[in-house]
Amino acid sequence: MKLTIIGPDNHDFLQSIINGEYVSLKDWSGVKLFVGDAYDKYLEMKKATKEVTR
């Protein structure tokens, strides 16, 4: 399984994930977590939205 984490660099957040601790994204402002190919689809949708709004 592929996980993509986007957001500000935060060592504590990554260390919590690595240690298998419970992590709530509500506690980490600005962080987005994508599973599988969801990040690629997110980028495609973002690109399509920019093209439509021009």
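All residue numbers refer to positions in the sequence shown, counting from 1.
We find the CG-CG distance between Asp27 and Asp12 to be 12.5 Å, quoted to the nearest 0.5 Å. In this structure, CH2 in Trp28 is found 9.0 Å from CD1 in Ile17, a value given to the nearest 0.5 Å. Remark: Leu25 CG to Lys32 NZ distance equals 11.5 Å, nearest 0.5 Å. Taken from CG in Asp37 to CG in Leu43, the straight-line distance is 11.0 Å, to the nearest 0.5 Å.
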- Item | Residues Thr4, Tyr42; criterion side-chain contact (heavy atoms from CB on, under 4.5 Å); working and verdict | CA-CA 11 Å; Thr4 304; Tyr42 168 78; over 6 Å; no
- Message: Using side-chain contact (heavy atoms from CB on, under 4.5 Å), reason through Val35 and Met1 one step at a time and then give a plain yes or no.
- Response: CA-CA 7 Å; Val35 179; Met1 177 184 337; 3.7 Å; yes
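Screening Phe13, Phe34, Tyr39 against Ile5 for a side chain to side chain contact (heavy atoms under 4.5 Å, CB included) leaves a single residue, Phe13.
Residues Pro8 and Gly30 approach most closely at CD-O, 3.5 Å, considering heavy atoms.
Looking at heavy atoms from C-beta onward, Val23 lies out of side-chain contact with Leu33 at the 4.5 angstrom threshold.
Hydrophobic cluster membership differs between Ile6 and Val31, with clusters built from Ile, Leu, Val, Met, Phe, Trp and Tyr side chains linked at under 4.5 angstrom.
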